Amino acid sequence: MKEMQTNWIGKSYGAEIDFEITGVPTAGQQLKVYTTRPDTIFGVDFMVIAPEHELINTITTADQQAAVDEYCTYVKSRSERERQAEKKISGCFTGAYAINPFNGVKIPIWISEYVLAGYGTGAIMAVPCGDDRDFKFAQHFNIPITNILGDAFNGEEANSTKDAKLHNSDFLNGVVMRDAIAIVNKRLEEMGIGIAKVNYRMRDAAFSRQRYWGEPFPIQWKNGTAYPLTETDLPLLLPEVDTYSPGPEGEGPLANIPDWVAKELETNTMPGYAGSSWYFLRYMDPHNEQEFCNRAVSDYWNQVDLYIGGTEHAVGHLLYSRMWTKALFDLGHIGFDEPFKKLLNQGMIQGSSRFVYRLKGTQEFISYGLIKDFETVDKLHVDVNIVDGIELDTAAFNKWKPDYAGASFQLEDGKYLCGTEVEKMSKSKFNTVNPDELVQKFGADTFRMYEMFLGPVEQSKPWDTKGIEGVHRFIKKLWRLFFDELKGKVWNEEAPTAAELKVLHKAIKKTQDDTERFSFNTAVSGFMICVNELADLKCNKRAVLEPLLILVTPYAPHVAEELWSLLGNTSSILDAAYPVFDPSHVVESAKEYPVSINGKVRTNLLISLDATEAEVQELVLANELVQKWVEGKSLKKFIFVKGRMINLVI
RNA sequence: GCCUUGGUGGUGGAACUGGUAGACACGCAGGACUUAAAAUCCUGUUCGCAGCAAUGCGAGUGCGGGUUCGAUUCCCGCCUGAGGCACCA
């Protein structure tokens, strides 16, 4: 996550260096390159400039003019996509040379599309022995390679290390590369031909959307120039509209409002992250007419405790939110420079897709197990709702789409079997399931709890309703502790027993711990255990059930609230005090210890937790089964971990 | 190619600091209630071998090694799934 953000920002430390250019029609020109490795300056064997670089026009020699023109035309003919996809090595020599400022060596200047115009200066110094791309380029065009790495360079592939000692590097010989960077930078600055520089990756982040729902820009256009509204005209509110359809010529819906257009107001609106980057601050002080949030108020509420979001927000919402917060912090408007205390990445619920295989050019469908016998089949997504497991309902398939009305099938064992794949859930993949049906059948609480019960929140997994019955049974069982189908109300005001209090307080502890560490699936299983045990104890006592309901509330809020009110409570369960764990209810006096002999469990012994190690050893050795194993051998070691286990080494 | 993660029964998963692997649930099998079904309840369910049985023995957390009295957990090497990054000099 942090790495994604780091990559997105793309901060790099390097240097800009000016090189004299020689052997060209127009004298006195300089080539400015950006490099993160000034230490490798004695290994520069050629320069590369981007095909869009402006120097091309003035440094290309007459001899090379035709070749350069041809190359630039070729590059223009290739789309961005092509350039990304097929990474062909291509380039062209300009005929010009740069001069290495330290040793006067003439360095040929090449053009290649592997250098991007938009980053750094659009020009690089190429060091083939230290950079993979430069190395491949040099090999491809037979450019001699200078080795400044000594034994660290094998001549077969580039080595990008910073830890080697420099060779062939004049005043840097023997210096570790990492340390040489600062030395070179200092020299360059003294010579007035270079400067240490931090670079960022530029992003095309359009802060503008052609839609209605977003903050309107307080911008007014006059003769094609944008002017900000004066402060007295703020806030600028979205106008009421009847329709959200796009404006003429693909503009935003605001372009449909005559009044808005007449005032020449900007018709685009701000993107989602404009408001979502700081709305949590406004929530703290929503009615403040003077400022976005009073400092005393934000000091009181402080940071957001928990941010739950998928990784897709890493470089979207989360990153911008952090940036805005840092800016507001620097300006002194808030007292913290990170918006969120804690981050939780929930996993994605994926879809489980099903496929059918159509013989090319026909309406004949081949069952999954048979497709290897055919050469050309089309693999097509099929609606998961007409597939039972992996068996296709062929009649439903015929009805699914008009095209398939006349489809025929090649079956295996009388069935048409589908292929499967786990993918992102998507309508286009026909693997979506509608939660409404499940909510209608089982209720929202069951649905909610089942999602939690599926497994750890941060894990992605395919949606599968196989176990939902179990959660639903649990909720019904919880209900039956209060109301019996035949007898009606069964809950009572009797005083709880020690055993019942133990069950309750075990549950309080477990829910607390598991919720704290976002282990919702195990918390749900804890509730199941608690309800199972209370049912076994036939406990229908209010004194136990009421606290349990409060624990359950975040997990099954509707049922909890309903039962809470049926118990006669007049205020919401959301306002009830959270139960306090009392360890005295769950203390054990004895433990059923597993007794291992050489690491294998051979028996269990119930032993008091008060017993000393010597007493335990005596008890264990007296045991018949243990004696059988120990017989004839000597006890080498006795391991006793109080409250855990016993191990005998013989 | 680089980085981050995961791999445990038929299935989803549990085991929090190295201490009884498989909690809880699904599914399956058998049983109770019922004219029947639904609902509910009870019993069993990692695999293999032996036994009428209670039970016993052995193997077992992707694979191969190591550390340890003891490893799903720690270390080394490998296989494999998922996600992200990738001409950024």
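Bear in mind the structure is a predicted one, so any value in this text is a computation, not a measurement. Here is how names work: the chains are called A, B, and so on, in the same order as the sequence lines, proteins then strands, and each is numbered from 1.
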Looking at the side chain of [X], which of [options] is the nearest nucleotide?
X	options	answer
Val601(A)	rA59(B), rG13(B), rA21(B)	rA21(B)
Thr36(A)	rA15(B), rA89(B), rA39(B)	rA89(B)
Ile639(A)	rC42(B), rC69(B), rG13(B)	rC69(B)
Lys600(A)	rA59(B), rA14(B), rC24(B)	rA59(B)
Lys466(A)	rC26(B), rC41(B), rA25(B)	rC26(B)
Asn604(A)	rC87(B), rC69(B), rU20(B)	rU20(B)
Pro456(A)	rA89(B), rU20(B), rG13(B)	rG13(B)
Phe453(A)	rG19(B), rA23(B), rG12(B)	rG12(B)
Lys476(A)	rU40(B), rU20(B), rG12(B)	rU40(B)
Arg602(A)	rA39(B), rG58(B), rC69(B)	rG58(B)

N-O pairing of [X] and [Y] below 4.0 Å:
X	Y	result
Arg480(A)	Glu485(A)	no
Asp513(A)	Arg517(A)	no
Glu451(A)	Lys461(A)	no

How far does the [atom1] atom of [N] sit from the matching atom of [M], given to the nearest Å?
N	M	atom1	answer
rA71(B)	rA15(B)	C1'	13 Å
rG83(B)	rU11(B)	C1'	24 Å
rA89(B)	rC16(B)	C1'	47 Å
rU40(B)	rU46(B)	P	24 Å
rC3(B)	rU67(B)	P	29 Å
rC75(B)	rU43(B)	C1'	45 Å
rG62(B)	rG58(B)	P	23 Å
rG27(B)	rG22(B)	C1'	16 Å

Ignoring backbone atoms, test whether [X] places a side-chain nitrogen or oxygen under 4.0 Å from the OP1 or OP2 oxygen of [N].
X	N	result
Tyr119(A)	rA89(B)	yes
Thr522(A)	rA15(B)	no
Arg473(A)	rC26(B)	yes
Asn532(A)	rA25(B)	yes
Asn521(A)	rC24(B)	no
Gln459(A)	rG83(B)	no

With both distances under 3.5 Å as the test, what is the Watson-Crick or G-U wobble partner of [N]?
N	value
rC87(B)	none
rU73(B)	none
rA23(B)	none
rC41(B)	rG31(B)
rG13(B)	none
rG58(B)	rC47(B)
rG81(B)	rU5(B)
rU67(B)	none

Nearest whole Å is fine: how far is [N] [atom2] from [X] [atom1]?
X	N	atom1	atom2	answer
Lys642(A)	rU17(B)	NZ	C1'	19 Å
Lys477(A)	rU40(B)	NZ	P	10 Å
Leu454(A)	rG12(B)	CG	C1'	7 Å
Lys591(A)	rG19(B)	NZ	P	12 Å
Phe520(A)	rG13(B)	CZ	P	17 Å
Asn598(A)	rG70(B)	CG	P	8 Å
Glu533(A)	rA25(B)	CD	P	11 Å
Lys636(A)	rG70(B)	NZ	P	11 Å

Please walk me through it: do Trp491(A) and Phe482(A) pass ring-ring contact (aromatic ring centres under 6.0 Å, His included)?
CA-CA 5 Å; Trp491(A) 58 270; Phe482(A) 298 78; 7.7 Å; no

Regarding Ser525(A) and Thr522(A), is there a side-chain donor-to-acceptor distance under 3.5 Å anywhere?
no

Contact nearer the 5' end of RNA chain B, comparing Asp536(A) with Pro594(A)
Pro594(A)

Result for 5'-nearest mapping on RNA chain B, choosing between Gly455(A) and Gly467(A), is Gly455(A)

May I ask you to establish whether Lys379(A) and Phe355(A) are in a cation-pi arrangement, using a distance under 6.0 Å from NZ or CZ to the six-membered ring centre and at most 45° from the ring axis?
yes

Of Phe135(A), Phe137(A), Tyr119(A), the residue whose pairing with Tyr114(A) passes ring-ring contact (aromatic ring centres under 6.0 Å, His included)
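Single pass found, and it is Phe137(A).
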
Take Glu113(A) and Lys76(A) through the salt bridge (Lys or Arg N to Asp or Glu O under 4.0 Å) test and state the conclusion after the steps.
CA-CA 10 Å; Glu113(A) 60 179 350; Lys76(A) 275 191 199 124; over 6 Å; no

Around Glu516(A), counting heavy atoms of other residues, nucleotides and ligands shown, do more than 12 lie under 6.0 Å from its CD?
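Result for CD/Glu516(A): open.
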
By the rule that syn is within 90° of 0, classify the base conformation of rG31(B) as syn or anti.
anti

Within the 4.0 Å heavy-atom criterion, would you say Trp629(A) contacts the bases, only the backbone, or no part of the nucleic acid?
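It contacts sugar-phosphate atoms only.
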
Applying a 4.0 Å non-hydrogen cut-off, can you work out what Ile529(A) is touching in the nucleic acid: base, sugar-phosphate, or nothing?
sugar-phosphate

